Amino acid sequence: MLEVRFIRENADRVRKAIQDKGEAVDFDRYLELDGVRREVVGERDRLRHEHNTASETIARLKRDGQDAAGQIADMKALSSQIKELDQKIRTIDTELTELRAAIPNIPHPSVPVGDVTANEVVRDWGKPREFSFSPLPHWEIGKTLGLLDFEAASKIAGAHFVLYRGLGARLERALINFMLDVSTKEKGYTEVFPPFLTNREAMFATGQLPKLEEDMYRCEVDDLFLNPTGEVPITNLHREEVLREDQLPLKYAAYTACFRREAGSYGRDTRGLLRIHQFNKVELVKFVVSESSYEELETLLSDAEDVLQRLGLPYRVVCLATRELSFAAAKCYDLEVWAPGVAQWLEVSSASNFEDFQARRANVRVRRSGKTGTELVHTLNASALATPRTVVAIIEHYQQEDGSVVIPEALRPYMDGLERLR
RNA sequence: GGAGAGGUGGCCGAGUGGUUGAAGGCAGCCGCCUGCUAAGCGGUUGUGGGGCUUAAAACCUCACCGGGGGUUCGAAUCCCCCCCUCUCCGCCA
């Protein structure tokens with residue numbers, strides 16, 4: 001969410017951001033209402049001032065044991081006038097708040113303007129492997145080796161779910177543990193294990209609501225949402241808090257199961273693990289002081305890259321263009337790993353800087369040492385990878401002609417030293 | 001789910017209808033003092049909106065005592081609904 005005054009004073013920038021991101025907000029209506037509101041509030045506050053002054057007089061009269069019946073009668077009229085204006089303001093606020101909540105964050109100047117074709121490949125690492133045979137897609141390998149069981153999953157839950165079986169399940173668990181260990185033992189992230197259900201306030205704070213309500217699973221009786229990404233519970237960990245400067249940067253890592261309805265994406269990535277309703281992630285979140293957030297974005301990105309490098313998976317880093325940026329993000333890098341079986345670059349992580357957009361919604365502030373007052377923190381997050389697509393890449397990249405799959409060395413300690421799935 | 005207690009500023013904690021934005025303490029900041037440190041003394045320090053200002057500060061003003069409604073000329077204080085925390089009971093992994 002952007003600051004009301006900022007929007008008013010930078011209407012052009014905001015309008016451009018809305019256009020560049022392709023968001024649908026009636027911005028003219030917003031500006032109009034904002035003006036109306038200011039007028040009405042001004043009038044209301046004038047009346048209230050008058051009212052407050054009179055109240056003091058009444059209080060004084062009463063205290064002195066004098067009669068104040070006349071003043072009280074006058075106040076009745078004023079009081080009801082104020083209530084009318086209050087009601088008017090309430091109506092305006094409802095619409096205004098809704099409009100403001102739909103205004104996206106402003107892209108950083110370094111972000112290319114445009115749609116997916118404007119995405120910039122910043123760098124790549126490793127080379128897609130050359131095969132002397134025709135590489136198979138992961139669902140075939142997974143079935144042959146008994147790692148992935150989509151039939152069972154659909155029996156249990158439905159289409160677009162997976163059941164990992166045997167060493168497949170073990171590989172999944174190994175990946176999670178590996179990523180958590182790297183993040184917590186080597187990179188200084190604090191591990192947390194948050195609830196997988198979150199409430200509306202939390203979803204609003206990180207920007208999933210109101211826009212993405214249809215994309216999430218919702219438990220209607222309790223009005224709770226199944227976690228769509230670890231970013232939500234972790235970022236909300238400090239909601240409504242004032243942090244001390246010396247606590248920053250705060251770095252968290254968490255394993256979470258993630259749930260997405262993927263409404264509207266039927267027909268895309270329909271096979272295998274590419275797009276499923278429930279998946280696992282280890283998420284990294286940082287709370288930082290504003291002036292350091294772009295440096296922190298780079299180190300966050302390299303923390304995520306490091307995981308891929310250790311797994312030996314060729315990838316590229318893509319700076320997303322404005323249209324591809326999420327609602328709350330100011331800048332975002334996608335990490336795409338090459339999956340030879342499906343011959344696609346797969347997004348396994350994205351590192352984003354939200355600047356103070358989420359912090360304003362979540363009201364997470366910092367008190368600077370030696371200064372009065374508080375300011376908003378900046379929040380960032382990245383995945384230390386989403387497992388399904390990482391599993392896809394591992395299985396497809398490390399497949400052998402004999403049908404077996406070599407386990408990346410980094411994962412072997414987590415698989416009892418096993419070197420190969422066969 | 002039932003019964004009870006409670007939610008006040010960065011923190012602790014007073015306050016049951018009228019100068020209470022809120023006593024007191026802690027922490028912070030600015031001075032003073034003490035040969036250092038600790039202590040002591042005085043002052044000061046909330047957030048958000050609007051106005052004024054080229055801008056900021058200052059200043060004026062409105063709101064904010066878990067959230068939302070209501071009663072009243074006037075609510076942190078009274079009433080209603082909701083959320084959260086704690087204790088006991090019940091139920092259950």
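From a predicted model like this one, the values you see are computed outputs, not experimental measurements. Computed from heavy atoms alone, side chains included, the values below leave out hydrogens, waters and symmetry copies. Lettering of chains follows the sequences in order, A, B, ..., and the numbering in each one begins at 1.
Remark on RNA chain B: of its neighbouring residues A/Val242 and A/Ala59, the 5'-side contact belongs to A/Val242, judged by nearest-heavy-atom nucleotide. For the pair A/Glu9 and A/Arg37, nearest-nucleotide mapping onto RNA chain B gives the more 5' position to A/Arg37.
At whole-Å resolution of the value, CG in A/Leu243 and C1' in B/U47 are 16 Å apart. Between A/Asn363 atom CG and B/G46 atom P there is a gap of 17 Å when expressed in whole angstrom units. Per the geometry, CD1 belonging to A/Ile58 stands 15 Å off P belonging to B/U72, to the nearest Å. One interatomic measurement links the two molecules: CZ of A/Arg365 to P of B/G48, which rounds to 7 Å at whole-angstrom precision. Separating the CD atom of A/Glu240 from the P atom of B/U8 is a distance of 14 Å, rounded to the nearest angstrom. Rounded to whole angstrom, the span from the CG atom of A/Asn199 across to the C1' atom of B/G67 amounts to 13 Å. In this structure, the CD atom of A/Glu39 is 14 Å from the C1' atom of B/G51, given to the nearest Å. Per the geometry, CG belonging to A/Asp93 stands 14 Å off C1' belonging to B/G68, to the nearest Å.
Applying the Watson-Crick and G-U wobble criteria (two distances, each under 3.5 Å), B/U20 pairs with nothing in any strand. Partner assigned to B/A38 is none, using Watson-Crick or G-U wobble distances below 3.5 angstrom. Across all strands shown, B/C78 forms a Watson-Crick or G-U wobble pair, both distances under 3.5 Å, with B/G70. Using N1 to N3 plus N6-O4 or O6-N4 for Watson-Crick, or N1-O2 and O6-N3 for G-U wobble, each under 3.5 Å, B/A63 pairs with B/U47. When both distances must be under 3.5 Å, the Watson-Crick or G-U wobble mate of B/G90 does not exist. With both pairing distances under 3.5 Å, B/C52 is matched to nothing as a Watson-Crick or G-U wobble pair.
For the pair A/Phe193 and A/Tyr255, the minimum side-chain heavy-atom distance is below 4.5 Å. Residues A/Thr206 and A/Arg361 form no side-chain contact, since every pair of their non-hydrogen atoms from C-beta on lies 4.5 Å or further apart.
Using a cutoff of 4.0 Å between basic side-chain nitrogens and carboxylate oxygens, A/Arg261 and A/Asp215 are not scored as salt-bridged.
Taking side-chain N and O atoms only, A/Arg244 has no distance below 4.0 Å to OP1 or OP2 of B/C11.
For the segment residues 46-57 of chain A, the set of residues with a heavy atom within less than 4.0 Å of an atom of RNA chain B comprises A/Arg48, A/His49, A/His51, A/Asn52, A/Ser55, in numerical order. In the region residues 74-92 of chain A, proximity to RNA chain B at under 4.0 angstrom, judged on heavy atoms, holds for A/Met75, A/Lys76, A/Ser79, A/Lys83, A/Arg90.
Going from the P atom of B/G70 to that of B/G9 covers 25 Å, rounded to whole Å. Annotation: B/G18 and B/C78 have their P atoms spaced 12 Å apart (nearest Å). For B/G48 and B/G43, the C1' atoms lie 27 Å apart once the distance is rounded to whole Å. B/A5 sits 13 Å from B/C79 when the P atoms are compared, rounded to a whole Å. Taking atom C1' on both B/G6 and B/C12, the two are 15 Å apart, rounded to the nearest angstrom. B/U37 and B/C29 have their P atoms separated by 15 Å, with the value rounded to a whole Å. Nucleotides B/G42 and B/G46 place their C1' atoms 22 Å apart, quoted to the nearest Å. Taking atom C1' in both B/C65 and B/G51, the straight-line distance is 27 Å, to the nearest Å.
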Next item on the list: Before giving the answer on side-chain contact (heavy atoms from CB on, under 4.5 Å), spell out for A/Val182 and A/Phe178 the whole-Å C-alpha distance, their side-chain angles and the decisive distance to 0.1 Å.
Entry: CA-CA 6 Å; A/Val182 170; A/Phe178 164 67; 3.6 Å; yes
Could you walk me through whether A/Tyr333 and A/Glu298 satisfy the side chain to side chain donor-acceptor pair (under 3.5 Å) test, starting with their C-alpha distance in whole Å, then the side-chain angles of each, then the deciding distance to 0.1 Å, before giving a yes or no?
CA-CA 9 Å; A/Tyr333 295 108; A/Glu298 297 301 322; 2.7 Å; yes
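A/Lys286 and A/Ser293 share no side-chain donor-acceptor pair at under 3.5 Å.
Screening A/Phe354, A/Phe204, A/Phe357 for a ring pair (Phe, Tyr, Trp, His ring centres under 6.0 Å) involving A/Phe327 leaves a single residue, A/Phe357. When each of A/His378, A/Glu245, A/His238, A/Arg244 is checked for a side chain to side chain contact (heavy atoms under 4.5 Å, CB included) with A/Val366, only A/Glu245 meets the rule. Among A/Leu346, A/Val318, A/Leu308, the one residue that satisfies the side chain to side chain contact (heavy atoms under 4.5 Å, CB included) test with A/Glu336 is A/Val318.
Here the straight-line distance linking atom OG of A/Ser383 with atom CG of A/Leu335 works out to 9.0 Å at 0.5 Å rounding.
Counting non-hydrogen atoms under 4.0 angstrom, A/Arg5 reaches the backbone sugars and phosphates but no base.
For A/Asp20, the side chain to side chain contact (heavy atoms under 4.5 Å, CB included) partners at least two apart in sequence or on another chain are A/Lys16, A/Val113, A/Thr322.
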